[in-house]
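The block underneath contains the structure these notes are about, expressed in structure tokens.
From a predicted model like this one, the values you see are computed outputs, not experimental measurements. So you know, we letter chains A, B, ... as the sequences are listed, proteins then strands, and number each from 1.
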Amino acid sequence: MKDKTGKYSLIGSIISSLVVVGIFLGLSLFKNSGRAIPLYTNVDIMAGMIFVFILSIIVSASIWPGIVEKRLK
Amino acid sequence: MISAIEGIGYTASGKVDKKESQDRERKAREDEIKKQRSNLIIAVVLGIPISLGDMANMFPNLLWFVPSFLANDRVLFVLTTIIMLFPGRQFFVGTYKGLKHGVTDMNLLIATGTGAAYVVSVAATFLDLGPGYMHTYYDTAALLITFIVLGRYLEATTKGKTSEAIRKLIGLAAKTARIIVDGVEKDVPVEDVKVGDIVVMRPGEKLPVDGVVTEGMSAVDESMITGESIPVEKNPGDTVIGSTINKSGSFRFKATKVGYDTALAQIIELVENAQTSKAPIQKIADVVAGHFILAVHMIALLAFFFWFFIGFEAFGVAGSAAFAGVSPFLFSLLISITVLVISCPCAVGLATPAATMVGTGKGAENGILIKGGGPLEMAHKINTIVFDKTGTLTRGEPQLTDVISTASHTEEEVLRMASIAEKGSEHPLGEAIVRGATAHNINVPDADSFKAIAGQGVEAGFGDKRILLGTRKLMSDNGIDAIHLNASMEKMENEGKTAMLIGVDKEAIGIVAVADTLKEHSKEAVDRLYKMGIEVVMITGDNARTASAIAKQVGIDRVLAEVLPQDKANEIKKLQAEGKIVAMVGDGINDAPALTQSDVGIAMGAGTDVAMESAGIVLIKNDLLDVVASIRLSKLTMSKIKQNLFWAFGYNTIGIPLAAGILYPVYHTIIITPALAAAFMAMSSISVTTNSLLMKRSRIK
């Protein structure tokens, strides 16, 4: 039970963080599109994706175990 | 289990004895202070040049005096790396250990904030990141760690300081003892004294252990334990307490409690346990702080998104004087880091334990031992106090209260006759009469004959006189007319006193009465409790008439009389069922269930060990005014805790929106930088600590 909770929580956290990172990437590309001089450099986008991933995984890793435990009960 | 506990950053060990455990705790506190002091020194020594060097890059004209090598990014990298590796390591290790076990704490906030600033700066130093990435944030990382380590150092020293009460108590203990070994006096370390040893005391010496006086007499200063400033007379049979000071005479006593069983050791243990236990409000604060950390990360993430996608362009950050040329990522990161740092709930975590420690310490200094945060927090909610009668409100031993004589005899003569009759008696009432006569300087010779008459009194022969002392029946059975004394008898009986007629030969010459008398401050304490709006109840096994008489004297309106010992707890339950928060004050073994049942049990220090074990608060001085002081101390501590929590959360409530850049559209710059946020955070810890320590100056009596 405990192993399952940990495994599912990790998977859930990674997936949700990747979703948030995807949203960040999508929004960045959307804002850059159609501009002669892009607003964000590649470094901005890459570094932003890493930072967003870190914050997202911290948040989701705190939320998912509770959700998984409720579901498994 | 030990490795799991150690895994999340705590220490654990197998069962150890009390001494080892206490020594270990003390050493851990000292080690923590030393560790944080070293960390702070490293952080300050390196943090100042890093800040100057980094700022010299931005303001070369203003900081012309800074050596150019300090502005070199590679030098700043080396210096900051040292800070990250030594003073900063604790935050990353704490975060790793916490995350491994699914625990998020304030280490995570600090690690995220400093780690992000450091990584971005390292990347900018060694990689060509393009325009907008020329500036490094080594000073941010270094100053963050410096201020947070300052906060941790202050927190560690506060914990050390609030244990001053314990240090003072430990300092009271004697180091050596003089005992009789094979008939010879010998000085030995106090640890070598065993139960049963005869200890020799001379004037001015400190008593090494607890015991009972066997020989000699003296006055002993017990103020360090009981707070009583007047030295207490000690005669054979009296108990003495270790660490008190023998003032005038020499005496010997038999050791009854040694080592960790002495009164002093028990007091130290109680205070230590109290200071490390958590108050219920602290548990709530911990849960709130846990959710708070999660919420802060969410806010930091949202702030990052907002400034990256909307704010940076909408408010023209790139064109502003303060952030000209900065990249959207770096600006949004800076905002995000500031949110993380300013939200660090150090002050929230410190708010309750700091006040609890100071509160329990202040209680101990005033002879009020509070066993932990629970009783301390509950005491301020009390609205009903139940007092046991005998030994709590009253002295617990009868005393001579009245002597009445007929017209043809003097009171002195009546008392003399009564005491002669009772001199051979071992009954407490008889002893009270003899003590009373002695106190009136009446010479009490031995009776020639003595006979106790069960349920009626005593008969004694003295010279050619026959003395009878006792009930009306005793008099009528012996043909003595005592009708003329009946009114006085009834009056005294209605006052709850035990009145005895005295007949000499065939004449009733007077009455002596004895009663259990009130303690010195009982009435004052009850008056003060009523003034505080607290209902006062007296509980006793005595008959209703005696109980009412005592209640009237002390000023208590509600009396629960003729309550069997086993029913006292039920009476408390009934009061609780009426929706009352009940405190029970008692001293005897029979009070223990009621002390446990009550919301706050308060035991008298002179009471039985069982009562003291069952109670949440122990009044060492046996002074009922300390019941009032305990409630005041509880109110004071709770108000400090609430103030602390208000400031700690209030600070975050104001700080977070500012850190998130809410005022940027107005001022076109960020009001709070990460370093400033760290300084504010340290200040909030200092203010909470100082506010708690101010309680030491408050009066509770």
Checking A47(A) against chain B: side chain, backbone, both or neither under 4.5 Å from a heavy atom?
both
Under 30°, 30 to 60°, or over 60°: which ring-plane class applies to F24(A) and F308(B), parallel, tilted or perpendicular?
tilted
Is it the side chain or the backbone of F304(B) that comes within 4.5 Å of chain A heavy atoms, both, or neither?
side chain
The single option from F91(B), F92(B), Y138(B) passing side chain to side chain contact (heavy atoms under 4.5 Å, CB included) against M84(B)
F92(B)
Contacting region of A116(B) [heavy-atom separation from chain A under 4.5 Å]:
side chain
Fit a plane to each ring of F315(B) and W307(B), take the angle between them on a 0 to 90° scale, and name the class: parallel (under 30°), tilted (30 to 60°) or perpendicular (over 60°).
tilted
CG of N72(B): more than 12 outside heavy atoms within 6.0 angstrom?
yes
Indicate the ring-plane relationship of F331(B) and Y664(B), choosing parallel, tilted or perpendicular according to the 30° and 60° boundaries.
perpendicular
Under 4.5 Å to a heavy atom of chain B? For S28(A) that would be both
Quick check on the interface: out of N42(A), I54(A), L39(A), who has the most heavy-atom pairs with chain B under 4.5 Å?
L39(A)
